[in-house]
Structure formats: C-alpha cells, structure tokens
Novice: 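The structure that follows is given in the form of structure tokens.
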2 protein chains.
Amino acid sequence: MQPSSRVTIRDVAARAGVSVATVSKVINDRYGVSADTMARVRAVIAELGYEASLVAQSLRNHKTNVIGILVADIEPFSTELLKGAADAIRDTGYELVVYSAGGRTGDKLGWERRYLSRLSGTLVDGAVLVTPSVLDVRFDAPVVAVDPHTGPSGLPTVDSDNLRGARLAVEHLLSLGHRRIAMLTGREDLQSARLRERGFREAMADAGVPVDETLVQPGDYDPVVSAAAARLLLSLETPPSAVFAANDVSAIATVETARSLGLRVPEDLSVVGFDNIPESALNSPPLTTVDQPIKVMGRQAIEMLVQLMRGEEIEKTHLTLDTHLVVRGSTCAPR
Amino acid sequence: MQPSSRVTIRDVAARAGVSVATVSKVINDRYGVSADTMARVRAVIAELGYEASLVAQSLRNHKTNVIGILVADIEPFSTELLKGAADAIRDTGYELVVYSAGGRTGDKLGWERRYLSRLSGTLVDGAVLVTPSVLDVRFDAPVVAVDPHTGPSGLPTVDSDNLRGARLAVEHLLSLGHRRIAMLTGREDLQSARLRERGFREAMADAGVPVDETLVQPGDYDPVVSAAAARLLLSLETPPSAVFAANDVSAIATVETARSLGLRVPEDLSVVGFDNIPESALNSPPLTTVDQPIKVMGRQAIEMLVQLMRGEEIEKTHLTLDTHLVVRGSTCAPR
DNA sequence: ATGAAAGCGCTAACAT
DNA sequence: ATGTTAGCGCTTTCAT
C-alpha cells in the first residue's frame, strides 16, 4: 500500500477479494455476510488500518452522529463554554466538532450562516451557535443559539441576565461614589451588548446621573478596539473615574491601557468587567466583574440541542441564567 | 423553497436556468461564463442563500483549506492550547476545526488514529494531534504532535521540558524539608508522564531520599482517578507530607480530597502540580506548580504544521520549550 | 459560452 | 451470501 494515499473501501474489497458492498455490510453490521467472509474482511480492515471516510459517509447518509459548535473565535469566553458543552456531550454518544470562524473581521457578519450552510445536512446533525451575527438561519437540523443576535430569532436560546448584571455593575460603581462613569460597549449586533448598555443607562438614570455621551465608546468585545477606546477616554480633558466594560476582555485591555498611561487601577481608575472568565481573576489587580455561568450555559445549550435532535419537545425554548456581581480589586471609591 | 431542505447546486442551476457545471464555474471563478450569466447565477445564489457543501467539495477536491486539531478531550490544558493555536491560525488563511474524542474511555487508545483516518485526505489538509495515544499514524497530510506518545514516532513534535520541570517541583519540596513525598503519575502512554515520573525519581535519588513505592500512585491526568489515588495515599498509616501530582487537574483533585478528609493544605499536606493552567492560580490555595507555556506550544505547533503544509522544509522537527517552577500557596515546610 | 458525464468514497436497493 | 448499480453534491474534462 502506498503510504501516501488513503485506504478506501475499494482497497479493502480488492484485498479481501469481495465487492465493496460486502465490505460496507461488514462495517455496518448488516445481515447477509457469511461468518467466514466477515472474518476475512475484518482482518483486511485491521491490516490496512482502514476507517470509513467521514466525509463520504455523511455525504451519503445525511447523518453523522456529530454535534457542531460554531464559535466566532477561540477566546476565553468560548473556551469556557466549550468546557461545559464537552461535559454535557460526554454521555450522549455524540461526537463534538468545533468550528471557528477564526475571528476574521472580513466575514464577521454572517459567518455562521456560511458555516451552517456548508455543514448543513452533512457533517453535523445539529449545532450550537455561539454569539451568532445573524438571526435567520436556514438549516435543516436543530440549532441552539448562545448569546444571540439582536432582534427576534426563532431559535431556541441560552443566555444570561445581561440587563440585571449590567445594572449591578454600574450600581456598584455608583455606590462607591463614582459619577463620571464611562462605558465600553460590546459587539453591536449582539443582544447581550445592547442589554449591557441599557443596564448601564438605566442604572445611571435611576441614580439621577446624566450620561455623558462622549464617555460611551465602542469596545466591540475586542481587546484592540477596546484599548483604543480606553486611550481616547483617558486622554479626555476630564477623564472618567470609572469604566464599565461590556466584557472582561475589554476590561483587561482597559486596565492595561490605563497602566501604560501611568494610571493606577483602582486608585486612579476603577474598572468593572463582565463575564467572569478565569483570566479576570488572574488579572492584576483581580477584576471586579459580573459573573455569568458560562460553563452552565454551554451545558444547557447542548442539553437543549440533544433534546431537539431526539425529536423531543422542549418546555422552555429560551433559558436565561442568573448573573451576579463579583467584587475584586479593580474598583474602589474615587479620589 | 422548502425551508427544511438544503439548497444544492442543482437548485441554483434550475432556478437560474443553467447547468450545474455553469454554477460551479461561477462559484469557483472559472473562465467561460458570460458576464450576463454570471450575474444571473450570482443573484440566484444570493436569493437562495446557497453555500457549497463543505463535505461534497472536499470529497471531490481532496483539499479543504482547513486545519484540524484533534484533542482527547476539551479540558483546561487543551483549551489553553487551542487559544494559542487560534492566534497562530488567524493570519494563515486556514480555517480551524477542533475534534474532540469526547474523553470517552472506551476508545481511549487509538482515538486519534480513527479520527485521522476518517478525516484523512478529506475535510482537513493537515492536523495537530494533542496528547496522541499512538505513535504510528498513517496519514497523507502533514501532522504535528503535541505532548506525544511515548516511544519514537516520526512525527514533528512540540513539547516542553518535562524532566527538568518535574525535578524543579520535587527539589522545591525537598528543599522545604519534605522527605515523605508521594507522586500521582500521569497518562502512562504519554512521554510527558514518563518524564515527569523520571524527574521525580531523579530528584529524590540526588537528594539521597529513597522512593517508597507505595507512595507512587496512578493519577492518569484525570481528576477522578487522581482523587481515588489521593484518598488511598492519605489513608495510609504514615501518609505523605507532600504530593507531586503529574498535572494540575490531578493536583486540584488532590487538594479537594485532602480537604474532604479534614486536612489543611499546605499545613498538613503540600501539593505541587504541573502545567500552570489558569485554574491552578484560581484554586484555593493557589497551586504551586510547574509552568509550561501551553499557548506558545499551540502557536508553535500550528506554525510548524503550516510550514509543512506549504511544503517548506523545517529546521527543527522537535521543539522543546522551557518549564519553570511557580511557587504559590499550596506548599510549605512540613510540620 | 454552455452542458453532459464521469467520479470522489460510501451505502442501500435491487438483482443474482 | 454476494455483487451490481444508482446516487449523495460537487468539480472537471470534454463535447458541442
């Protein structure tokens, strides 16, 4: 056998002196193969190290026994989610494949539509979409969204209480005495980002503190964009005394930027994040942030999806998990 | 169009009143299509939301532009590695898919051979194998191994200095005054596990401290196996005063077990781990551990793989990165 | 410029 | 019990 070329079912058939159909039957434990032939074919399979091509099988079968998770990028939030999803998938018998859009900004919008279409009907029997950027997905297999796009999508969804979380964060800042509070917003197309901004505005309004619009800057859930916005904010004539960042990645970027500008955190600038990714606790100073139970979200999304894939009815098609404030070292009263 | 069925190239062809061949040419920017037809076909593609099936394409093309990362399971080590790999992949133009064997113990051995065979020649153009359990992989595309199987495999490899790291860990324990030091070993089939155990033995020998073999127990890099082993160790008549766990997951399980037995860490039991996953620093007490640059390993593995895929020669086929001790709160002098 | 047809690796009717 | 054949969705000669 050529080491450089794939072993196909035909190689096995030829070597065993049978037809490909027979080999296929052996592989799939179908009836109609003599014990003798079966043994011979199995021996050849072992000898050649043959494995059926997943691609060919799924093209033919429209059924693969694998669940796909589509993430915009591999970063702390999505990897935490993956851990939870992996836990849930372990006992289901499904296999797991993760597709990453690779964070490429070019096709930031609609990446999951492209992916889904490309995999649809083949390769995965169902999918979890993490922070999808479109609402209408045509897909013939079950799909569950995590932290979905803004606007009403028919998709079953798992998210967390973003509005309340954001309020908690801002109220914390207000209660410390901050008044000049900036916000780094998130990915505009995501519901979570909208709600976090709304929570910010509501908390400010409730406290009777007007929002200075120059202090609301785009962070895009992205470290680079956030660092730029933070730099802008901190170079203002009257800079903010506190920043609420729409996620931890943005918050960490903000802390770094403040540092590079010679500011101390939290003495000169308080920073609150959102997500409670592991990196937030490891930051120095440890980040005050809003916890959302990311792993649980991953687990729930898979459980929902599996129910759907099994054709079961699901009671709740929209699960919203609780958020809560975790006070650590990146916030204190303004000087 | 039926919402429940995939849009294929034939649907597009029919709707546009052309042949599938023409549609294919449009998709792939081939010559021989009039501007007029091209426009019409494109319009239909947009209207129908058509995307070529990845599966059909790769079956046909034997070329997919995607890199596969095969991991035994989605857990802290592999997700850190993924973060590094994702960084490296971003500017290469390749897409990334991660396959997880799902930690199923049934096919623990040889899972990557199966996966690789199933994907081989199709679906991925190259792959990174993380902690593979077999050495001989027949694959017609480039493959790079991270933290490989024991024994000489021809595969290009990325790992870290496990021997030195283990020695550092044990020397730390010895220098604190510990003599009755236990070890929880790792996944027997992995080189890293062997080297970590060897480092343990060498450090003990150098210090003239004999190894009590009842104190060397299997941890398998697994929390459940490790917890059981720790329980056994700590129920001994003369239990160890310190444990060197072959990885952080084992170390954390050990700390939990000690706790549940009413022991304090580090006062009653010192514990050292290996890997320096984020979870180790978040543990209480924060874990003293050996750092290996996991993200860098992921990045390097991808860089190596991409060179291979481009047909470039690579200078070093075996990269070993440095390890070093990180002293935190889970170790102190014995009472 | 366009289309008919073969074939990638596999499975499921349908012969024999 | 075994083999022949069609076809999954796509690309690519090769005709026309």
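Here is the naming used below: chain letters follow the sequence lines, and residue numbers restart at 1 for every chain.
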Novice: Expressed in angstrom and rounded to an integer, what is the separation of A:Asn28 atom CG from C:dC10 atom C1'?
Specialist: 9 Å

Novice: Is a side-chain donor-acceptor pair under 3.5 Å present for A:Asp125 with A:His62?
Specialist: no

Novice: Report the distance from atom CZ of B:Arg40 to atom C1' of C:dT2, rounded to the nearest whole Å.
Specialist: 11 Å

Novice: Students often get this wrong, so: under 4.0 angstrom with heavy atoms, is A:Ala21 touching a base, only sugar-phosphate, or nothing?
Specialist: base

Novice: The side chain of A:Leu59 lies closest to which of these nucleotides: D:dG3, C:dG9, C:dT2?
Specialist: C:dG9

Novice: Starting at the 5' end of DNA chain C, which residue's closest nucleotide do you reach first, B:Met38 or A:Ile27?
Specialist: B:Met38

Novice: Between B:Lys295 and B:Asp87, is the closest basic N to carboxylate O distance under 4.0 Å?
Specialist: no

Novice: Checking side chain to side chain contact (heavy atoms under 4.5 Å, CB included) between A:Val44 and each of A:Val26, A:Val23, A:Val12, which is the one that passes?
Specialist: A:Val12

Novice: I'd like to know if B:Arg42 and B:Asp36 make a salt bridge, using a cut-off of under 4.0 Å between side-chain N and carboxylate O.
Specialist: no

Novice: What is the distance, to the nearest angstrom, from the CD atom on B:Glu51 to the C1' atom on D:dC10?
Specialist: 14 Å

Novice: Send over the distance from A:Lys25 NZ to D:dT4 C1', rounded to a whole Å.
Specialist: 10 Å

Novice: Check whether any side-chain nitrogen or oxygen of B:Tyr31 sits under 4.0 Å from OP1 or OP2 of C:dT2, and answer yes or no.
Specialist: no

Novice: One thing to verify: whether B:Arg187 and B:Asp222 come together as a salt bridge, which I'm taking to mean a side-chain N less than 4.0 angstrom from a carboxylate O.
Specialist: no

Novice: How many Å lie between NE2 on A:His62 and P on D:dG7, as a whole number?
Specialist: 13 Å

Novice: Assuming nearest nucleotide by heavy-atom distance, tell me which of A:Ile9 and B:Ala35 is located more 5' along DNA chain C.
Specialist: B:Ala35

Novice: May I have the distance from B:Arg10 (atom CZ) to C:dA4 (atom C1'), rounded to whole angstrom?
Specialist: 13 Å

Novice: Which nucleotide wins on minimum distance to the side chain of A:Arg30, given the candidates C:dA1, C:dA12, D:dC10?
Specialist: C:dA12

Novice: Can you tell me which nucleotide in C:dT11, C:dG9, D:dG3 comes closest to the side chain of A:Arg60?
Specialist: C:dT11

Novice: Round to the nearest Å and state the distance from B:Lys63 atom NZ to D:dT12 atom P.
Specialist: 13 Å

Novice: D:dG9 phosphate, OP1 or OP2: any side-chain N/O from B:Ser53 under 4.0 angstrom?
Specialist: no

Novice: Given D:dG3, C:dT2, C:dT11, which nucleotide is nearest the side-chain atoms of A:Gln57?
Specialist: C:dT11

Novice: Describe the nucleic acid contact of B:Val18 in one word from base, sugar-phosphate, nothing, applying a heavy-atom distance below 4.0 Å.
Specialist: sugar-phosphate

Novice: What's the closest nucleotide to the side chain of A:Thr22 if the choices are C:dA4, D:dG9, D:dG3?
Specialist: D:dG3

Novice: Separation of A:Asn61 atom CG from C:dA13 atom P, in whole Å?
Specialist: 11 Å

Novice: Among C:dT2, C:dG9, C:dA12, which nucleotide has an atom closest to any side-chain atom of A:Thr8?
Specialist: C:dG9

Novice: Atom CD of residue position A:Glu312 - does it have more than 12 heavy atoms of other residues, nucleotides or ligands inside 6.0 Å?
Specialist: yes

Novice: Out of D:dG3, C:dA1, C:dC10, which nucleotide sits closest to the side chain of B:Ser34?
Specialist: C:dA1

